[in-house]
A.B. asks: 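Before we start, here is the structure in question, set down as structure tokens.
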2 protein chains.
Amino acid sequence: MPPPPPGTEPGPRTASVARRPTLKDVAGEAGVHPATASRALNPGTRHLVNDETAQRVLQVADTLGYQPNPIARSLKTARSASIGLVIPDLTNPLFPPIVRGIEDVLGGVGYNAWIVNTDNDPARETAAVESLRSRSVEGFVFATGRLHHPFIERLAAGGTPTVLVNRRLAVSDIPSVTGDDAGGVAIAMRHLVDLGHRRIVHLAGPQDLSTGVNRLRAFRQALEDHGLEDSPARLKLCSAWAESAGAKAVTELLDDGVEFTAVLAGNDLLALGCYDALAGRGLSCPGDVSVVGFNDMPFVDKLSPPLTTVRIPHYELGAEAAHLLLERLRAPDRTTRSILLPLTLVDRQSTAPPRLL
Amino acid sequence: MPPPPPGTEPGPRTASVARRPTLKDVAGEAGVHPATASRALNPGTRHLVNDETAQRVLQVADTLGYQPNPIARSLKTARSASIGLVIPDLTNPLFPPIVRGIEDVLGGVGYNAWIVNTDNDPARETAAVESLRSRSVEGFVFATGRLHHPFIERLAAGGTPTVLVNRRLAVSDIPSVTGDDAGGVAIAMRHLVDLGHRRIVHLAGPQDLSTGVNRLRAFRQALEDHGLEDSPARLKLCSAWAESAGAKAVTELLDDGVEFTAVLAGNDLLALGCYDALAGRGLSCPGDVSVVGFNDMPFVDKLSPPLTTVRIPHYELGAEAAHLLLERLRAPDRTTRSILLPLTLVDRQSTAPPRLL
DNA sequence: ATTCACACTGCAATCGTTTGCGGAAACGTA
DNA sequence: TACGTTTCCGCAAACGATTGCAGTGTGAAT
């Protein structure tokens with residue numbers, strides 16, 4: 001026989017070698033049946049065993065350094081103390097804080113999250129979810145929700161505990177936690193109007209996402225509230241939350257000769273594109289036009305000018321989503337509810353009173 | 001008995017209800033023993049079963065929509081087709097691209113990665129790794145390596161397939177894939193020198209990280225190569241890769257009256273702090289002092305001035321790391337090797353010739 | 001005709017837990 | 001003393017796969 005490959009533990013043949021102890025080991029050591037050891041070890045069933053015995057088992061487990069095997073446990077119980085977390089794109093700075101929020105509250109109660117990237121690809125999403133389900137995850141939080149998202153709808157309807165974060169579906173009772181987009185654009189618009197702006201344009205994000213439509217709807221509402229004219233010209237639909245889309249929209253606006261002194265961008269990336277387009281036309285911000293973004297991404301305070309934007313509490317979004325899911329796991333028949341977190345305006349230097357005419 | 005809670009599948013009692021089919025189901029349907037079905041389903045053992053039978057089993061499995069239960073499989077085989085990915089902080093924009101790179105190559109061969117955040121906390125790290133091991137992950141890639149990292153050393157020495165990404169340990173034969181820091185600072189320094197700079201300072205990152213010491217070492221080497229004076233005054237050790245640390249370092253330099261026309265920052269965050277400090281003193285960049293960063297984080301091209309920086313191919317770092325680990329899993333006794341990926345300078349507008357004296 | 005090799009497949013154990021069921025003490029009550 | 005309750009614990013069957021071993025049957029070689 002060749003020498004054992006390096007990097008291989010001596011193997012379980014050897015008698016009391018460093019193999020991680022199993023329940024049977026601690027039972028043997030404690031002089032009880034594995035079943036008893038199991039009951040002693042689990043807080044929920046501990047009352048079924050004599051106090052003294054339980055203590056002994058606990059003691060042995062501790063000195064042996066016993067750790068239950070989650071795989072075996074999952075196989076038996078079809079539970080796993082973990083949930084799936086479905087993210088469209090981790091490299092989007094929006095999502096990591098959400099992940100952190102979720103992980104932090106989950107970790108506090110012994111749960112953990114399995115993160116998957118879908119890259120906005122429905123096929124990857126279904127594959128990932130299927131894979132996670134076969135690993136007995138107990139629920140899901142989706143950050144990939146689209147307005148119309150049959151897959152998630154079916155999943156939730158099928159009884160899988162599900163919560164949405166950051167984005168919601170159009171019409172469904174799936175619990176969600178999102179930022180209060182309407183409130184957010186309301187304060188942004190008030191800010192602009194207070195500054196004296198009257199001709200404000202909106203760079204709307206993709207209309208298959210709740211964030212996109214909600215912000216657009218709120219924009220028009222604000223126009224109405226402030227008695228401003230709601231002209232279709234003052235609106236640009238962007239097909240993606242991307243810098244290039246923002247730039248394109250603004251140059252088109254400029255080319256079309258629509259007059260405006262301020263732009264409310266659907267998110268910070270769009271605002272960034274706006275900066276580019278403005279600079280490309282020799283216009284200054286905020287001198288010639290004010291711009292306000294949405295999200296308060298990292299480093300937008302470093303831009304020049306530092307971007308005024310609506311801050312979304314992403315970490316808290318995640319934390320609340322985790323709470324919601326946990327609650328759902330504990331009491332599946334409790335009535336569902338969704339949460340709207342308040343947004344705040346962070347007033348930096350990309351907004352100023354309009355030039356006098 | 002109360003009505004079954006909503007959101008619960010009818011349960012396996014019902015005869016042929018939508019319960020995910022097991023191996024036994026397909027075996028029964030195909031008229032073979034589960035063992036045979038297993039062999040037919042696994043490419044590696046398929047040759048052990050009659051071709052015709054195998055086809056029949058495959059066929060049945062397909063129509064039944066059979067998916068093997070990874071938990072049961074893991075329990076039996078102590079393998080899991082997954083690896084652990086240990087990240088210090090997902091909200092650091094450095095890491096998501098690495099994660100993507102890893103996931104992409106892993107996914108290509110049916111593996112997946114379990115991501116854990118350690119928040120730079122050794123206790124969380126050991127806990128997470130322990131938890132992953134008990135889930136039978138087959139190996140680890142660590143992005144958390146410190147120069148001296150006994151935990152990872154022990155783990156690797158114990159035979160667990162391990163690779164390091166982005167950061168390495170001081171002295172160890174654990175395979176790693178990192179950027180060629182030395183090469184990176186060399187081109188950055190050459191760039192500065194070519195521009196005419198002679199008095200260059202370095203903002204060095206934490207010296208317990210390989211990136212920190214390597215860049216510092218390379219800086220001094222470059223000084224020597226270009227015949228520039230290596231004065232301790234021209235060096236600031238920063239205790240963290242943070243903007244505030246960079247700002248502090250530069251203001252100290254300024255306060256101490258050390259003269260310099262360019263700064264090589266250990267990373268982009270430090271460079272950012274540098275911008276702040278310079279602006280705070282009324283100095284212009286690149287007019288008064290040039291600065292070059294490291295990493296090419298997202299959006300540093302949007303700063304003003306856009307930051308000249310050394311780009312690290314993070315995605316490729318991750319991809320290579322995954323390849324290395326995969327290779328190690330397949331051939332554990334192959335000799336280890338580490339990979340250095342070339343770095344490139346992206347020349348933007350934070351560097352310029354020094355003012356004439 | 002006997003032996004042998006080979007291809008194929010079934011049996012049963014196993015991975016490490018959990019849990020329904022039943023038995024054996026121990027205890028209280030009549 | 002007899003009997004019903006508890007309390008505690010062990011037995012054994014799961015959960016869903018993989019795998020060493022042993023068998024069967026076929027065809028070829030002697």
A.B. asks: Take atom CZ of A/Arg39 and atom P of C/dT18, then tell me their distance rounded to the nearest Å.
C.D. replies: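 Going from A/Arg39 (CZ) to C/dT18 (P), I get 11 Å.
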
A.B. asks: Under 3.5 Å, is there a donor-acceptor pair between the A/Ser338 and A/Ser176 side chains?
C.D. replies: yes

A.B. asks: Would you indicate what B/Pro70 reaches in the nucleic acid, counting non-hydrogen atoms under 4.0 angstrom: base, sugar-phosphate, or nothing?
C.D. replies: nothing

A.B. asks: Rounded to whole angstroms, how far apart are CG on B/Asn50 and C1' on D/dT24?
C.D. replies: 14 Å

A.B. asks: Take the C1' atoms of the five end pairs on each side of the helix from C/dA1-D/dT30 to C/dA30-D/dT1, get both axes, and report the angle to 10 degrees.
C.D. replies: 60°

A.B. asks: Report yes if a side-chain nitrogen or oxygen of A/Ser38 is closer than 4.0 Å to either non-bridging phosphate oxygen (OP1 or OP2) of C/dT18; otherwise report no.
C.D. replies: yes

A.B. asks: Pick the closest DNA chain D nucleotide for A/His33 and for A/Ala72 by heavy atoms, then say which residue is nearer the 5' end.
C.D. replies: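 Its nearest nucleotide lies further toward 5', so the answer is A/His33.
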
A.B. asks: Between C/dG16, C/dT9, D/dA12, spot the one nearest the side chain of A/Asn69, thanks.
C.D. replies: C/dG16

A.B. asks: Reckon B/Glu52 touches a base, only the sugar-phosphate, or nothing at all at heavy-atom distances under 4.0 Å?
C.D. replies: nothing

A.B. asks: Which nucleotide in the set D/dC9, C/dG10, D/dA17 lies at the smallest distance from any side-chain heavy atom of B/Pro68?
C.D. replies: D/dA17

A.B. asks: Could you go step by step and tell me if B/Glu130 and A/Arg20 meet the salt bridge (charged side-chain N to carboxylate O under 4.0 Å, His left out) rule?
C.D. replies: CA-CA 11 Å; B/Glu130 202 42 48; A/Arg20 69 165 50 221; 2.5 Å; yes

A.B. asks: From the list D/dT19, D/dG10, C/dG16, which nucleotide is the closest neighbour of the side chain of B/Thr77?
C.D. replies: D/dT19

A.B. asks: Quickly work out the B/Leu48 CG to D/dT18 P distance and round it to whole Å.
C.D. replies: 13 Å

A.B. asks: Could you tell me how far apart A/Asn42 (CG) and C/dT19 (C1') are, to the nearest whole angstrom?
C.D. replies: 11 Å

A.B. asks: In whole Å, what is the span from the CZ atom of A/Arg73 to the C1' atom of C/dC15?
C.D. replies: 16 Å

A.B. asks: Just the rounded figure in Å: distance from P of C/dT19 to CG of A/Leu23.
C.D. replies: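 Taking CG of A/Leu23 and P of C/dT19, I get 12 Å after rounding.
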
A.B. asks: Counting side-chain heavy atoms from CB outward, which of C/dT14, D/dC9, D/dC11 is closest to B/Lys76?
C.D. replies: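 It is C/dT14.
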
A.B. asks: Distance alone, cut at 3.5 Å: any donor-acceptor contact between the side chains of B/Ser80 and B/Ser82?
C.D. replies: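 Yes.
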
A.B. asks: Do you see a donor-acceptor pair shorter than 3.5 Å between the side chains of A/Glu103 and B/Asn117?
C.D. replies: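 A donor-acceptor contact under 3.5 Å links the two side chains.
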
A.B. asks: Hey, mind stepping through A/Asp89 and B/Arg100 against salt bridge (charged side-chain N to carboxylate O under 4.0 Å, His left out) and telling me if it holds?
C.D. replies: CA-CA 9 Å; A/Asp89 177 13; B/Arg100 293 294 299 264; 2.8 Å; yes

A.B. asks: Look at the side-chain N and O atoms of A/Thr22 and state whether any lies under 4.0 Å from the OP1 or OP2 oxygen of C/dC15.
C.D. replies: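 Answer no for this pair, as no side-chain N or O of A/Thr22 is under 4.0 Å from OP1 or OP2.
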
A.B. asks: Please give, in whole Å, the distance from C/dC8 C1' to B/His47 NE2?
C.D. replies: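 Spelled out: NE2 on B/His47 to C1' on C/dC8 is 11 Å.
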
A.B. asks: Give a yes or no on whether a salt bridge exists between B/Arg328 and B/Glu138, defined as a side-chain N under 4.0 angstrom from a carboxylate O.
C.D. replies: no

A.B. asks: Give the ring-plane orientation class for B/Phe151 versus B/Phe142, where under 30° counts as parallel, over 60° as perpendicular and anything between as tilted.
C.D. replies: perpendicular

A.B. asks: Categorize A/Ile71 for me: base, sugar-phosphate, or nothing, with a 4.0 angstrom heavy-atom threshold over every strand shown.
C.D. replies: nothing

A.B. asks: So, for B/Leu317 and B/Val165, which heavy atoms are closest and what is the spacing to 0.1 Å?
C.D. replies: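 The answer is O-CG2, 3.7 Å.
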
A.B. asks: Just call it for B/Thr53: base, sugar-phosphate, or nothing, with non-hydrogen atoms closer than 4.0 Å on any strand.
C.D. replies: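 Sugar-phosphate only.
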
A.B. asks: When the distance from CG of A/Leu41 to P of D/dC9 is rounded to whole Å, what number comes out?
C.D. replies: 14 Å

A.B. asks: At less than 3.5 Å, do the side-chain atoms of B/Arg20 and the base atoms of D/dG16 form a donor-acceptor pair?
C.D. replies: no

